[in-house]
2 protein chains.
Amino acid sequence: MSKRTAPQPLAADEELATLAKALAHPARVRVLRLLARREGCIGCDIVADLELAQSTVSEHLRILKAAGLVEGEVDGPRICYRLSRDGLAHFKALVAAL
Amino acid sequence: MSKRTAPQPLAADEELATLAKALAHPARVRVLRLLARREGCIGCDIVADLELAQSTVSEHLRILKAAGLVEGEVDGPRICYRLSRDGLAHFKALVAAL
DNA sequence: TTCGTAAATCGTCGAAGGACGATATATATG
DNA sequence: CATATATATCGTCCTTCGACGATTTACGAA
């Protein structure tokens, strides 16, 4: 090892890779599209739309939230998810800059 | 299986997810940026730039090629890799359409 | 408080990803 | 042909991902 001097994965690369990973699953892409369509928010409708167990969908939502692409707001016993326009815009900007 | 009626992951979602997955690793993002900078092509310089074993880099390149983001052309005993402008443009378009 | 619904978390399982060294393949050159 | 270099492929080892059911948590309503 130690060929030259560049072990740093360049934070920018890491950032884009992390965001891309969040979209690296068809179910999560679908969720994003779903939230993009309905300007408002959605609750457990997402579970109904995807054909996956509730726990699985919850995990996908967690990943999208962690990536900053989706936001969740408590609304009574349910949670209102909505697209993070800023997060998505940031991702788009990173991709466009490629 | 067969819970409701929407088992189709909507080819479009699959496609974007597949492309995103190809970029879901910092090393691959770096390779793409590398190839984007140098208009021409590169050979084993990629191995030197990334700090990974040759076999590992080869695998990353394979993934990028499979995704249609990179093309390789035999050039003597080495291979000239170049960015697939079309492939990247397609990806950008899919992301922009989100 | 008890009940019902929505969501998150936990534990498990199998599949896929990512890394490596070793080896195989291909090609130009001596 | 033998050698040197550049890539690809193989086999292995861990880790992470993705799915599930079961359980827990949180809240509104009866």
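Numbered from 1 within each chain, the chains take letters A, B, ... in sequence-line order.
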- A:A53 side-chain proximity, nearest of C:dG18, D:dG18, D:dC20: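 So the side chain of A:A53 is nearest to D:dC20.
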For the pair made of [atom1] in [X] and [atom2] in [N], what is the distance, rounded to whole Å?
X: B:D49; N: D:dA6; atom1: CG; atom2: C1'; value: 17 Å
X: A:E51; N: D:dA19; atom1: CD; atom2: C1'; value: 14 Å
X: B:R28; N: C:dA19; atom1: CZ; atom2: C1'; value: 12 Å
X: B:D75; N: C:dT27; atom1: CG; atom2: P; value: 12 Å
X: B:L52; N: D:dT7; atom1: CG; atom2: P; value: 15 Å
X: A:L50; N: D:dA19; atom1: CG; atom2: C1'; value: 13 Å
X: B:I63; N: D:dT9; atom1: CD1; atom2: C1'; value: 14 Å

Check: protein-nucleotides 14-16 of chain C nitrogen or oxygen pairs below 3.5 Å:
none

- Message: Would you compute the distance between atom CG of B:L34 and atom CG of B:L83 and round it to the nearest 0.5 angstrom?
- Response: 10.5 Å
- Task: To the nearest 0.5 angstrom, please state how far the CD1 atom of A:I46 sits from the OH atom of A:Y81.
- Result: 7.0 Å
- Task: State yes or no: do B:L61 and B:I63 share one hydrophobic cluster built from I, L, V, M, F, W and Y residues joined by side-chain heavy-atom distances below 4.5 Å, directly or via other members?
- Result: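 As far as the 4.5 Å side-chain criterion goes, B:I63 and B:L61 are not connected within one cluster.
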- Show your working on side-chain contact (heavy atoms from CB on, under 4.5 Å) between B:D45 and B:R38 and close with a plain yes or no. CA-CA 11 Å; B:D45 296 344; B:R38 317 196 187 179; 4.0 Å; yes
- Query: What's the verdict on side-chain contact (heavy atoms from CB on, under 4.5 Å) for A:T56 and A:L50, showing C-alpha distance, side-chain angles and the deciding distance?
  - Reply: CA-CA 10 Å; A:T56 304; A:L50 307 183; over 6 Å; no
- State which residues pass side-chain contact (heavy atoms from CB on, under 4.5 Å) with A:R33; sequence neighbours excluded, sorted by chain then number.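 Partners of A:R33 by the side-chain contact (heavy atoms from CB on, under 4.5 Å) criterion, ordered by chain and then number, come out as A:V29, B:A12, B:D13, B:L16, B:L98.
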- Any salt bridge (Lys or Arg N to Asp or Glu O under 4.0 Å) pairs touching residues 83-98 of chain A, not counting sequence neighbours?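 Listed once each, the pairs are A:E39-A:R85.
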- Note on the structure: Contact string for nucleotides 4-10 of chain C, one letter per nucleotide 5' to 3', B = base within protein heavy-atom range under 4.0 Å, S = sugar-phosphate only, - = neither, reads --SBBB-
- Message: List the residues meeting salt bridge (Lys or Arg N to Asp or Glu O under 4.0 Å) with A:E71, not counting sequence neighbours, and say none if there are none.
- Response: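 By the salt bridge (Lys or Arg N to Asp or Glu O under 4.0 Å) rule, A:E71 matches no residue at all.
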- Task: Using the test salt bridge (Lys or Arg N to Asp or Glu O under 4.0 Å), find all partners of A:R78 that sit at least two apart in sequence or belong to another chain.
- Result: none
- Item | Phosphate OP1/OP2 of D:dC17 contacted by A:H60 side-chain N/O (<4.0 Å) |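 So the side-chain polar atoms of A:H60 never come under 4.0 Å of the phosphate oxygens OP1 or OP2 of D:dC17.
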